[in-house]
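One-based numbering along the sequence shown.
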Amino acid sequence: MRKVLVVLLILLVGGAVAADRLILRGAEDEIGRQVATQYQLQRDPDVKIHGFPFLTQAFAGRYERIDVAIGDWRERDVTVHDVRVEMRGVNAPLSDIAAGRSDNVTADTATASAVIPYAAIQRRAPQGVKRIAPRGDNLEIEASLVVLGRQFDGTGEVSLKPTAEGIAISPVSIGGFPAGALAALRWTVPVADLPVGARISRIQPTPEGLRVSATSSNVKLNNLRNRS
């Protein structure tokens, strides 16, 4: 009899876990569909709800963490890649999720990150900038500039700073150019915000591009706006 009870208990627990995971996947898919429909995304974003069990969070309407992988995003005519939003302390009433409503879905904090490809930075660079590559927290550039009718070739290092207009790029050290050419090596990449309604606060060069991030508090899911 004891063995039978153990087997039944295992089956009940296994069934409960399977049901929990099944409902979890359904909720993730529904959130993905809502985001894609409301913001006219080309595909449903990948959604991951963390924490176990899911059902206790769902009944409480409070989730530890929800990740949304949006993919590409367009900000001021610049397309950024690998856009991800990590939401912590999410309040999402189960009735609203089931009914396809996201107006009341909020998060204590939301951190968005994305990669600005070097091709997008190159397109905004002054004429003559031929190569851009990561160099620590800055960028290394190679350029060929014409100053007062003379051509100068050289390499240098430029800094990165988030501003209200976008990412400001300014020369730090330049070799092979006259001092008058430094002003020609300043430009701005017009990506200032990420889809949590927050200003970019961190920039890190990577082999693929600039990894940028922004954090905002008391965020509504409706703040994941699709800009064009």
Side-chain angles (χ1 to χ4, degrees), residues 28 31-32 34-51 62-92 102-125 132 134-139 158-170 172 186-228:
E28 291 173 338
I31 291 175
Q34 289 180 33
V35 173
T37 299
Q38 187 167 356
Y39 307 109
Q40 300 177 349
L41 301 178
Q42 294 183 354
R43 67 174 184 85
D44 291 0
D46 295 325
V47 177
K48 181 174 179 58
I49 300 175
H50 295 263
R62 175 80 176 180
Y63 304 85
E64 299 174 7
R65 172 182 168 187
I66 297 179
D67 294 343
V68 181
I70 296 174
D72 288 352
W73 185 271
R74 195 165 180 82
E75 164 72 6
R76 298 189 192 176
D77 296 327
V78 178
T79 299
V80 299
H81 304 318
D82 193 26
V83 178
R84 299 174 180 272
V85 179
E86 177 187 301
M87 297 184 288
R88 297 273 187 171
V90 180
N91 296 296
S102 59
D103 293 350
N104 296 323
V105 177
T106 63
D108 293 344
T109 62
T111 299
S113 64
V115 173
I116 304 175
Y118 289 122
I121 300 169
Q122 180 81 51
R123 283 194 294 271
R124 296 283 177 168
I132 298 174
R135 185 174 181 179
D137 291 333
N138 295 330
L139 295 179
V158 294
S159 65
L160 306 162
K161 181 181 179 181
T163 71
E165 290 73 36
I167 297 174
I169 301 176
S170 305
V172 174
R186 300 177 185 271
W187 74 97
T188 299
V189 180
V191 180
D193 303 308
L194 289 178
V196 291
R199 183 66 40 79
I200 289 173
S201 58
R202 186 173 184 273
I203 305 171
Q204 180 60 53
T206 73
E208 294 75 29
L210 299 182
R211 168 65 70 175
V212 296
S213 60
T215 299
S216 188
S217 302
N218 301 318
V219 176
K220 285 192 172 184
L221 188 63
N222 289 346
N223 281 348
L224 302 178
R225 300 192 184 283
N226 187 27
R227 300 185 177 120
S228 59

Check your understanding: Shortest non-hydrogen contact from P205 to P134?
Key -> CB-CB, 3.8 Å
**Study point:** Residue pair S170 / K161, side-chain heavy-atom distance below 4.5 Å
**Key:** no
Point to revise | V191, D193, T163, T215 screened by side-chain contact (heavy atoms from CB on, under 4.5 Å) with I200, the one that passes | key: V191
Point to revise | Worked check of side-chain contact (heavy atoms from CB on, under 4.5 Å) between V83 and L194 | key: CA-CA 9 Å; V83 178; L194 289 178; 5.7 Å; no
Check your understanding: Of the non-hydrogen atoms in P207 and Y118, which two are nearest, and what is the gap between them?
Key -> O-CE1, 3.7 Å
**Study point:** Value rounded to 0.5 Å, distance of CD1 in I167 from OG1 in T188
**Key:** 9.5 Å
Exercise for review: Over all heavy atoms of both residues, which pair between G209 and T206 is shortest? Give the atoms and the distance, please.
Suggested key: O-OG1, 2.7 Å
**Study point:** K48/D46 salt bridge by N-O under 4.0 Å criterion
**Key:** no
**Study point:** From CZ (R123) to CH2 (W187), nearest 0.5 Å
**Key:** 13.5 Å
Check your understanding: Where do L160 and N138 come nearest, in terms of heavy atoms and distance?
Key -> N-OD1, 4.2 Å
Check your understanding: Mind checking whether I169 and I121 have side chains closer than 4.5 Å, heavy atoms only?
Key -> yes
Study note, to complete from the structure: In this structure, NE2 of H81 is separated from CD1 of I70 (nearest 0.5 Å) by 14.5 Å
Point to revise | Validation row: R74, D77 side chains within 4.5 angstrom (heavy atoms) | key: yes
Check your understanding: Any side-chain heavy-atom pair from M87 and V68 closer than 4.5 angstrom?
Key -> yes
Check your understanding: Is the shortest heavy-atom distance from the side chain of P162 to the side chain of R199 under 4.5 Å?
Key -> no
**Study point:** Residues R84, D82: salt bridge by 4.0 Å N-O rule
**Key:** yes
Check your understanding: Can you find a pair of side-chain heavy atoms, one from N218 and one from T106, that are under 4.5 Å apart?
Key -> no
Review point. Taking side chain as C-beta onward, heavy atoms only, is L139 less than 4.5 Å from L210?
Key: yes
Check your understanding: From D108 CG over to N91 CG, what is the distance, rounded to the nearest 0.5 angstrom?
Key -> 6.0 Å
Practice item. Measure across G166 and A192 and return the closest heavy-atom pair with its distance rounded to 0.1 Å. Key: N-CB, 3.9 Å
Check your understanding: Looking at side-chain heavy atoms only, is the closest gap between S113 and R211 below 4.5 Å?
Key -> yes
